[in-house]
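What you see is a predicted model; the values in this text were computed from it and never measured. Proteins get letters first, then strands, A, B, ... in listed order; numbering begins at 1 in each.
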Amino acid sequence: MTEQKQTYDPAAIEPKWQQFWLQHKVFKAKNPGDPGFDPAQPKYYALDMFPYPSAAGLHVGHPEGYTATDIVSRWKRAKGCNVLHPMGWDAFGLPAEQYAIQTNTHPAKTTAANVATFRSQLQRLGFSYDWDRELSTADPKYFRWTQWIWKQLHARGLAYESNAPVWWCEALGTVLANDEVINGKSERGDHPCERRPLRQWVLKITEYAERLLGDLDGLDWSESLKTMQREWIGKSEGAEIDFDVLGHAGTKVRVFTTRADTLFGASFLVLSPEHPLVASITAPAQRGAVVDYQKTAASKSELERTELAKEKSGVWTGAHAHNPLFAADDPKGRIPIWIADYVIVTYGTGAIMAVPAGDERDFEFATKFGLPIPGIFAPQTGDAERDGRIARGEVCCPDEAPYAAHCRTADGAIALAGKSLAQGKRAVLDWLVAHRRGEAKVTYKLRDWLFSRQRYWGEPFPVLHTQDGVELVADAQLPVELPYMEDFKPGGVPESPLIRAKDWVATKDSKGRPAQREINTMPGAAGSSWYFLRFCDPHNANAFCSKAASDYWLPVDLYVGGTEHAVGHLLYSRFWTKVLHDAGSVTVKEPFHKLYNQGMIQAFAYQDARGATVPKADTKEVGDDVVHATTGEKLKQIVTKMSKRYGNVVNPDDVVAEYGADTLRLYEMYMGPLADSKPWNPKDVPGVHRFLQRSWRLAVPEFPEHGTLHAHLRSDRPDDPELEKALHRTIHKVDGDIERMAFNTAISAMMIFVNEATKGMERLSRSQLLRFAQLLQPFAPHIAEELWERLGGQGLLTRAPWPPVDPKLLVDDEVEIAVQVLGKLRGRALVPNGAPNDVVLAAARVAVASYLEGKTVIKEIVVPGKLVNFVVK
RNA sequence: GCCGGAGUGGCGGAAUCGGCAGACGCACAGGUUUCAAAAACCUGCGCCGCAAGGCGUGCGGGUUCAAGUCCCGCCUCCGGCACCA
């Protein structure tokens with residue numbers, strides 16, 4: 001008998017519905033013009049950051065964001081929206097190629113295998129993707145358009161070749177963009193990187209810096225993410241100022257500063273060691289020291305330069321400059337020119353005016369090398385001791401402070417005393433402009449986007465090098481496909497392995513003359529910078545995306561992914577969208593309206609007394625403690641990221657095998673707020689599984705002889721009013737919680753309903769259970785669809801509209817209010833909802849009579865429907 | 001160093017607008033059922049205390065009838081940036 005129990009069996013129902021949905025294309029999104037397209041429906045575009053199909057397969061971190069967008073997608077469909085919810089593969093790039101190299105298999109082969117794994121893993125989780133729109137960035141039908149878009153960039157003067165120093169990573173055998181290098185090490189693999197000059201394709205993203213900054217304001221992104229982009233763009237308003245080099249007629253050093261007002265305190269100049277003027281201005285006596293310093297600076301990797309940044313270093317060039325504010329014969333205007341590696345050649349003009357009285361770095365440098373520190377401020381804070389030290393230049397004062405009386409030109413054209421910071425800057429800048437010694441200037445930290453790699457597995461450029469220079473491959477000849485290469489490994493030289501594909505490289509230009517193909521390939525971020533556009537119109541053979549399709553679907557209404565793409569991918573995608581907008585190819589200026597960053601799923605790990613992490617396999621549980629399996633030492637539980645090293649990686653396949661996809665989805669959403677990082681606790685998983693079992697038992701009898709449904713659910717009957725009320729509240733709560741992406745509390749509300757319904761199971765009506773299935777559907781679609789079918793719901797649950805809420809059922813006739821005396825809870829009172837204050841107060845007085853005895857009530861506070869507070873004496 | 005975010009029971013977390021702190025889940029304890037176990041179900045579960053009661057949202061102050069929530073000053077953890085002139 002027991003073996004025939006009709007218990008909740010996800011292994012039976014999940015594949016059944018997955019196949020049904022897939023075969024019937026239930027989640028196919030219709031474009032304008034498609035048969036059955038309904039223009040009256042609002043559109044909703046819910047997008048996941050598509051994955052790199054790595055060999056490791058899906059990680060539990062992937063389904064976190066994917067489940068969130070799936071819930072929203074299913075809910076939006078139930079609310080009557082035409083929903084675009086696609087999935088694809090970021091298949092080109094370093095991770096795929098590194099894996100291919102490790103396994104000595106061609107990346108085309110490993111990528112195809114990895115994609116197949118990812119697809120089947122995702123399909124086992126019941127996501128409502130429109131699989132007809134699946135795409136891969138490594139598919140020639142896709143990258144044909146990546147190449148085409150690159151040609152648009154080139155046509156608009158936004159792609160150029162450069163020989164400037166770039167980040168070279170020896171271990172990866174390629175160059176990397178700024179955002180791929182962190183503290184001088186590669187973001188992927190943590191390998192050391194260094195700067196080297198190399199011919200590269202570069203995209204002029206800096207031309208869009210101002211718009212990329214300004215358009216952030218209108219986006220529904222977290223402030224912290226916007227701040228990260230703003231800081232990366234790094235806008236800085238200031239001035240450029242020319243200093244004549246003494247003894248070198250006609251030679252000027254141009255510096256950038258945000259504090260032109262401190263020019264009176266500039267007591268030396270500093271050029272970066274790579275500054276082009278260094279060689280020509282260095283005095284013969286200093287040449288040896290300067291060249292030595294330049295060599296040392298060059299041999300230091302960027303990593304060492306930042307790590308060893310604690311102590312300032314530099315040498316004098318032997319040259320002097322003249323501070324333009326002072327008369328030509330005024331000795332105060334004669335200032336030395338130094339070189340130092342704390343000045344960066346790529347920022348501003350690569351040269352600064354040092355004002356030690358107002359800048360900590362300059363102060364440190366001046367102190368170390370005994371350079372003058374002229375005081376330029378006269379603060380009067382009341383701390384006479386400190387004010388005096390600032391005035392004498394003994395203490396650095398980087399903030400706003402009153403100017404000293406001597407901050408004035410001899411002719412009185414500038415007199416800073418009494419002026420504010422803004423007025424001071426203005427006064428000096430106006431003077432500089434009038435005397436043609438400088439101008440207002442805005443600079444950005446953002447640098448142009450290094451857009452080529454010396455690797456095999458990427459999009460080839462549609463570029464030929466001819467005897468006349470660069471020639472672009474005609475649109476009709478796109479895509480330029482990769483040649484098949486047995487040996488695709490980087491050669492250890494800063495050159496693409498494509499150089500070895502001699503038959504491919506050697507070609508003819510449009511005039512039939514010999515030409516060579518470009519051997520650099522595009523970076524991983526190329527294909528991912530526009531995939532959200534292709535999803536709108538994925539099979540278009542005549543355009544990257546029809547204007548009608550992108551006009552309809554864009555912008556993406558909800559984009560969910562990790563913070564790791566805060567500057568790279570999100571900035572690049574915004575840039576390409578703006579360029580395509582300028583070219584008239586898309587209407588929107590911004591691709592992603594709402595962006596949501598999910599937190600990281602972490603795991604427990606165990607540390608011994610020394611703080612060393614003990615792999616999971618070497619631990620065991622003894623009672624409430626976790627101890628070292630061999631030494632028996634008691635271990636401390638910590639929360640950290642999942643890692644092979646700690647042996648704490650959770651594989652979603654295992655969770656699906658044991659509990660089913662619905663449990664995995666539900667657990668990931670129940671763990672906590674989507675935006676938070678939180679640890680995976682295997683002991684918590686059965687909790688949500690039990691909730692699904694209880695939901696199942698509400699409908700299905702334990703033993704088959706009682707039928708596939710409880711008897712009281714086989715026909716319609718009046719709804720129990722108490723459960724009806726509870727259900728409406730639950731619908732209302734779940735609705736609001738999905739809206740604000742608070743999935744954990746939505747699930748908890750459904751749990752409360754099921755607990756209540758379980759207490760009076762036979763009171764539950766078929767209609768109520770059907771509506772509960774509708775609520776559950778976005779979260780646990782398989783069990784919900786199965787219950788819907790068993791209950792005889794009309795059509796497919798995934799096509800059913802969201803159940804309505806009767807606002808009348810959300811209010812109670814009677815409410816229990818808290819009664820406080822002096823702010824402490826002393827009793828409770830039951831009063832009619834909306835009762836007048838005197839009725840509430842009367843009931844409240846009774847509830848806390850013993851606390852009021854012998855006291856004088858001096859104040860009565862009533863919060864309707866919630867609480868009464870008596871203030872007594 | 002600078003800029004964000006966070007700190008609530010044994011654990012994950014809830015409290016959406018200043019109004020009953022600890023919803024929901026886990027773990028734990030007791031019980032029902034069972035030959036037994038699992039499962040399921042019921043009850044309890046912040047801390048101290050026999051109780052009355054007191055204490056309690058990182059720490060110290062403040063505002064308020066009322067503070068996890070607001071203000072001031074600290075501490076710790078996480079993320080980002082880091083000599084950007």
| task | Please state whether the phosphate of A14(B), meaning OP1 or OP2, lies under 4.0 angstrom from any side-chain nitrogen or oxygen of Asn744(A). | result | yes
| task | Using the P atom as the reference point in each nucleotide, state the distance between C47(B) and U34(B) in Å, no decimals. | result | 34 Å
| field | Candidates C20(B), A85(B), C24(B) - which lies nearest the side chain of Asn755(A) | value | C24(B)
| request: Take atom P in C77(B) and the same atom in A67(B), then report the distance between them in whole Å. | output: 30 Å
| said: Rounding to an integer number of Å, can you tell me how far Met228(A) CE sits from A82(B) C1'? | reply: 13 Å
| Between G25(B) atom P and Arg694(A) atom CZ, what is the distance in whole Å? | 6 Å
| message | I want to know whether Trp680(A) and Tyr667(A) have ring centres closer than 6.0 Å. | response | yes
| query | Quick one: OH on Tyr293(A) to CG on Asp341(A), what's the gap to the nearest 0.5 Å? | reply | 3.5 Å
| note | Picking from G19(B), A40(B), A85(B), the nucleotide nearest the side-chain atoms of Ser236(A) would be A85(B)
| message | Quick one, Asp261(A) with Arg259(A), criterion salt bridge (Lys or Arg N to Asp or Glu O under 4.0 Å). Give me CA distance, side-chain angles, the key distance, then yes/no. | response | CA-CA 5 Å; Asp261(A) 60 305; Arg259(A) 289 293 303 270; 3.0 Å; yes
| message | Can you identify which nucleotide, out of C24(B), A40(B), C20(B), has its nearest atom closest to the Gln820(A) side chain? | response | C20(B)
| Separation of the P atoms in C26(B) and U64(B), to the nearest angstrom | 44 Å
| query | Which nucleotide sits closest to the side chain of Asn869(A): G12(B), A66(B), A27(B)? | reply | A66(B)
| In whole angstrom, what separates Arg690(A)'s CZ from A38(B)'s P? | 13 Å
| task | Identify which nucleotide among A27(B), G54(B), C20(B) has an atom closest to any side-chain atom of Lys683(A), counting heavy atoms from C-beta outward. | result | A27(B)
| Base, sugar-phosphate alone, or nothing: which one does Lys678(A) contact when heavy atoms must sit under 4.0 Å apart? | sugar-phosphate
| query | How far, in whole Å, is C71(B) from U63(B) if one measures between their C1' atoms? | reply | 7 Å
| said: Under 4.0 Å from OP1 or OP2 of A85(B): is there any side-chain N or O of Arg254(A) that close? | reply: no
| remark: Closest of G13(B), A14(B), A85(B) to the Thr745(A) side chain is A14(B)
| field | Identified pairing partner of C65(B), criterion: Watson-Crick or G-U wobble below 3.5 Å | value | G19(B)
| said: What's the closest nucleotide to the side chain of Tyr342(A) if the choices are C3(B), C83(B), G25(B)? | reply: C83(B)
| If you look at every strand shown and take non-hydrogen atoms under 4.0 Å, does Arg697(A) touch a base, only sugar-phosphate, or nothing? | sugar-phosphate
| field | Aromatic centroids of Phe268(A) and Phe369(A) separated by under 6.0 Å | value | no
| query | Between Phe256(A) and Pro673(A), which has a closest nucleotide on RNA chain B that is more 5'? | reply | Pro673(A)
| Test item: Ser222(A) side-chain N/O and Leu225(A) main-chain N/O as donor-acceptor pair under 3.5 Å | yes
| request: Quickly work out the Lys733(A) NZ to C24(B) P distance and round it to whole Å. | output: 13 Å
| query | Hey, does Lys824(A) reach any base, or is it just sugar-phosphate, or nothing, if we go heavy atoms under 4.0 Å? | reply | sugar-phosphate
| query | What is the glycosidic conformation of C71(B): syn, defined as within 90° of 0, or anti? | reply | anti
| request: Ignoring the backbone of Trp232(A), work out which of G25(B), C65(B), C81(B) is nearest its side chain. | output: C81(B)
| Is the shortest side-chain N/O distance from Tyr347(A) to OP1 or OP2 of A85(B) below 4.0 Å? | yes
| remark: Mate of C77(B) across any strand shown (Watson-Crick or G-U wobble, both atom pairs under 3.5 Å) is G5(B)
| Using the C1' atom in both, what is the distance from A14(B) to C35(B), to the nearest Å? | 44 Å
| Protein-nucleotide distance (Ile861(A), atom CD1; U64(B), atom P), rounded to Å | 13 Å
| Given A85(B), G25(B), C20(B), which nucleotide is nearest the side-chain atoms of Leu867(A)? | C20(B)
| query | In the structure shown, which nucleotide is the Watson-Crick or G-U wobble counterpart of A40(B), with both distances under 3.5 Å? | reply | U32(B)
| query | Does the salt bridge (Lys or Arg N to Asp or Glu O under 4.0 Å) test come out yes or no for Asp684(A) and Lys678(A), once each step is laid out? | reply | CA-CA 13 Å; Asp684(A) 286 338; Lys678(A) 56 246 159 196; over 6 Å; no
| query | Would you say Arg826(A) reaches C20(B)'s phosphate, i.e. side-chain N/O to OP1/OP2 under 4.0 Å? | reply | no
| Span that lies between the P atom of G68(B) and that of U57(B), in whole angstrom | 7 Å
| note | Its glycosidic angle compared against 90° from 0, G54(B) adopts the form anti
| Considering only the C1' atoms, how many Å lie between A66(B) and G62(B), rounded to the nearest integer? | 15 Å
| Is there a Watson-Crick or G-U wobble partner for C26(B) with both distances under 3.5 Å, and which nucleotide is it? | G10(B)
| Please give, in whole Å, the distance from G54(B) P to Leu822(A) CG? | 12 Å
| task | Quick one: label Tyr851(A) by what it contacts on the DNA or RNA (base, sugar-phosphate, nothing), any heavy atom closer than 4.0 Å. | result | sugar-phosphate
| So does Lys866(A) reach the base of C20(B) with its side chain, donor to acceptor, closer than 3.5 Å? | no
| request: For nucleotides A37(B) and A29(B), find the distance between their P atoms and express it as a whole number of Å. | output: 15 Å
| field | Protein-nucleotide distance (Glu364(A), atom CD; G1(B), atom C1'), rounded to Å | value | 12 Å
| query | Reckon Arg740(A) touches a base, only the sugar-phosphate, or nothing at all at heavy-atom distances under 4.0 Å? | reply | base
| task | Would you indicate what Ile752(A) reaches in the nucleic acid, counting non-hydrogen atoms under 4.0 angstrom: base, sugar-phosphate, or nothing? | result | sugar-phosphate
| Is Glu816(A) touching bases, backbone alone, or none of the nucleic acid, heavy atoms closer than 4.0 Å? | base
| query | Roughly how far, to the nearest 0.5 Å, is CG of Asp242(A) from CG of Leu432(A)? | reply | 9.0 Å
| note | Rounding to 0.5 Å, atoms OG (Ser272(A)) and OH (Tyr342(A)) come to a distance of 12.0 Å
| Rounded to whole angstroms, how far apart are CG on Leu825(A) and P on A67(B)? | 13 Å
| Sugar-phosphate only, base, or nothing, as touched by Pro686(A) at under 4.0 Å among non-hydrogen atoms | nothing
| Are any side-chain N or O atoms of Asn323(A) and backbone N or O atoms of Phe243(A), one a donor and one an acceptor, separated by less than 3.5 Å? | no
| said: Within the 4.0 Å heavy-atom criterion, would you say Arg230(A) contacts the bases, only the backbone, or no part of the nucleic acid? | reply: nothing
| task | Can you tell me the pairing partner of C45(B) across any strand shown, Watson-Crick or G-U wobble, with both distances under 3.5 angstrom? | result | none
| query | If you draw the axis of the six-membered ring of Phe870(A), does the NZ or CZ of Lys859(A) fall within 45° of it and under 6.0 Å from the ring centre? | reply | no
| remark: Taking G19(B), A14(B), G4(B) as options, the one with an atom nearest any side-chain atom of Ser224(A) is G4(B)
